[in-house]
2 protein chains.
Amino acid sequence: MTDADPSPTPLLLFIPYRYAENASLAHLASQGFGDLTLAQARVFARIADSGSRLTELAESAQVTKQTAGYMVDQLEAGRYVERVPDPTDARARLVRVAGRGEQARAAAMTALQELESAWAEHLGPRRMAALREALSALREITDPYL
Amino acid sequence: MTDADPSPTPLLLFIPYRYAENASLAHLASQGFGDLTLAQARVFARIADSGSRLTELAESAQVTKQTAGYMVDQLEAGRYVERVPDPTDARARLVRVAGRGEQARAAAMTALQELESAWAEHLGPRRMAALREALSALREITDPYL
DNA sequence: ACAAAATGGTCAGAAGTTCTGACTATCGTG
DNA sequence: CACGATAGTCAGAACTTCTGACCATTTTGT
């Protein structure tokens, strides 16, 4: 009876997701990383601490590997990342955060934490936990990358 | 203790959101609307029953009005929508679902309902309701369109 | 009433993103 | 060791999105 909101759940997901993207990118821009585009940041955000393969980035961001490669080219040119050979596979290269990328990553982390804090404050810890818990569960049937 | 998932909340939002987009678009394609692109569908999905102004669509989809206009041009060419004068403002035009658009909208609704059902089944009614409730609350501080 | 500012929309052009197809090199398996 | 799968790149086209300039109409302030 209380949830008369007719908004489709995907729309409800889109709104805070897009807000988070905008807020993070704005924070990065304010910290001297104004040359990062949204598309670049989407790939950058998925690079694992130990480095990621192009294919992994592509699958995770849900773009083709060509697109991911193009983004990594730009991130590399902007000194955000570097490509190193993958010691376990001569075909592959690992994309690693490097140089400016480390500071950018730290700034992004800060933005993210502020965001999560603001959300947790608005929802209260209980509902925030419930939100994350439900989303994590949903991931089981919606994550193509797994 | 149970939620040790380090995934940032925005990533958790992205995964099911993107899944929903893909699933809906795939269903539309299977119903004879394979000419709809994702970008077009994002605008199309935001058209109100009574019609929407270009500016409203742009704000809601978070693109410039030029971009929204370009998408509406294509939707119009594909006979998904029509533009009619806004009786309350001579500057404005209302974008309305028309022709094929009605069937496409019905197909999208079906896809959406199947999606929500599948999610509700996976989460259970309680957690599904909690998810939607939390997302609706989050909207209050993240929706630029309001 | 009227000038100024804001709003709704379009046109033109450039930039950015993303895709398909083709190809090379390396890995894993039978 | 041949074969299919995987990692990545190159080239080119298509699609999406933006910035800037502009016109018409509405709203606001005096």
Side-chain angles (χ1 to χ4, degrees), chain A residues 14 18 21-22 25-26 29 34-48 51-78 80-96 144-145, chain B residues 14 18 21-22 25-26 29 34-48 50-78 80-96 144-146:
Chain A
F14 169 78
R18 192 61 200 273
E21 278 191 341
N22 291 339
L25 202 62
D35 57 328
L36 264 183
T37 69
L38 188 52
Q40 288 163 21
R42 283 173 180 154
V43 170
F44 182 72
R46 287 171 167 76
I47 301 172
S52 299
R53 291 186 182 177
L54 198 55
T55 308
E56 293 174 330
L57 295 177
E59 285 179 4
S60 169
Q62 300 200 37
V63 295
T64 61
K65 55 186 179 178
Q66 290 93 327
T67 296
Y70 184 53
M71 290 304 127
V72 170
D73 286 344
Q74 298 179 52
L75 289 169
E76 198 174 26
Y80 285 100
V81 307
E82 63 184 357
R83 288 193 237 226
V84 300
D86 183 335
T88 72
D89 190 332
R91 292 170 301 179
R93 297 210 272 167
L94 285 177
V95 179
R96 281 198 319 209
Y145 179 52
Chain B
F14 169 78
R18 193 62 201 275
E21 278 191 340
N22 290 338
L25 202 61
D35 56 328
L36 264 182
T37 68
L38 189 52
Q40 289 163 19
R42 281 173 181 155
V43 170
F44 182 72
R46 286 169 166 78
I47 302 172
S50 54
S52 298
R53 291 186 182 176
L54 198 55
T55 308
E56 293 174 330
L57 295 177
E59 285 179 6
S60 169
Q62 300 200 41
V63 294
T64 61
K65 55 186 179 177
Q66 290 93 327
T67 297
Y70 184 52
M71 290 303 127
V72 170
D73 287 344
Q74 298 179 51
L75 289 169
E76 198 173 25
Y80 286 100
V81 306
E82 64 184 357
R83 289 194 236 227
V84 299
D86 183 336
T88 73
D89 189 331
R91 291 170 303 179
R93 297 210 270 166
L94 286 177
V95 179
R96 282 199 316 209
Y145 180 52
L146 260 180

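No hydrogens, no waters, no symmetry mates; every other heavy atom, side chains included, goes into these values. Since the structure is predicted, the reported quantities are computational estimates derived from the model, not experimental observations. Labels below follow one simple rule: chain letters A, B, ... track the order of the sequence lines, proteins then strands, and each chain is numbered from 1.
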- More than 12 heavy atoms of other groups within 6.0 Å of A/Arg96 CZ: no
- Task: Starting from P on D/dT9, measure out to CG on A/Leu57 and report it in whole angstrom.
- Result: 11 Å
- Quick note, A/Thr55 side chain, CB onward, closest among D/dT9, D/dA7, C/dG9 is D/dA7
- Message: Taking any heavy-atom pair under 4.0 Å as a contact, classify B/Thr67: base, sugar-phosphate, or nothing.
- Response: base
- Message: Can you measure B/Gln40 atom CD to D/dC15 atom P for me and round it to whole angstrom units?
- Response: 9 Å
- Are any of B/Arg91's side-chain N or O atoms less than 4.0 Å away from OP1 or OP2 of C/dT10? no
- Message: Between B/Arg42 and B/Glu21, does any side-chain N to carboxylate O distance fall below 4.0 Å?
- Response: yes
- Task: Could you state the atom-to-atom distance from NZ of B/Lys65 to P of D/dA21 in whole Å?
- Result: 14 Å
- Query: Under 4.0 Å between a side-chain N/O of B/Thr37 and OP1 or OP2 of D/dT16, yes or no?
  - Reply: yes
- Closer than 4.0 Å, any side-chain N/O of B/Arg53 to the OP1 or OP2 of C/dG8? yes
- Message: Using whole Å, what does the distance between atom C1' of nucleotide C/dA12 and atom CG of B/Asp73 come to?
- Response: 13 Å
- Query: Have A/Gln62 and B/Asn22 got a donor and an acceptor in their side chains that come within less than 3.5 Å?
  - Reply: yes
- Interatomic distance, B/Tyr70 OH vs C/dA15 C1' [rounded to whole Å]: 14 Å
- Task: Describe the nucleic acid contact of A/Gln74 in one word from base, sugar-phosphate, nothing, applying a heavy-atom distance below 4.0 Å.
- Result: sugar-phosphate
- Item | Sidechain-backbone polar pair: B/Arg93 side chain, B/Pro85 backbone, donor-acceptor under 3.5 Å | no
- Between D/dA14 atom P and B/Asp35 atom CG, what is the distance in whole Å? 17 Å
- Message: For A/Ala48, is there any backbone N or O sitting under 3.5 Å from a side-chain donor or acceptor partner on A/Ser52?
- Response: yes
- The answer to which of A/Thr88 and A/Gln62 contacts DNA chain C further toward the 5' end, by nearest nucleotide, is A/Gln62
- Residue met sooner reading DNA chain D from 5', once B/Val63 and B/Asp89 are mapped to nucleotides: B/Val63
- Whole-Å distance, A/Phe44 CZ to C/dT17 C1', equals 19 Å
- Is there a side-chain polar atom (N or O) of A/Arg83 under 4.0 Å from OP1 or OP2 of D/dT9? yes
- Whole-Å gap separating P (D/dT9) and CD (A/Gln66): 10 Å
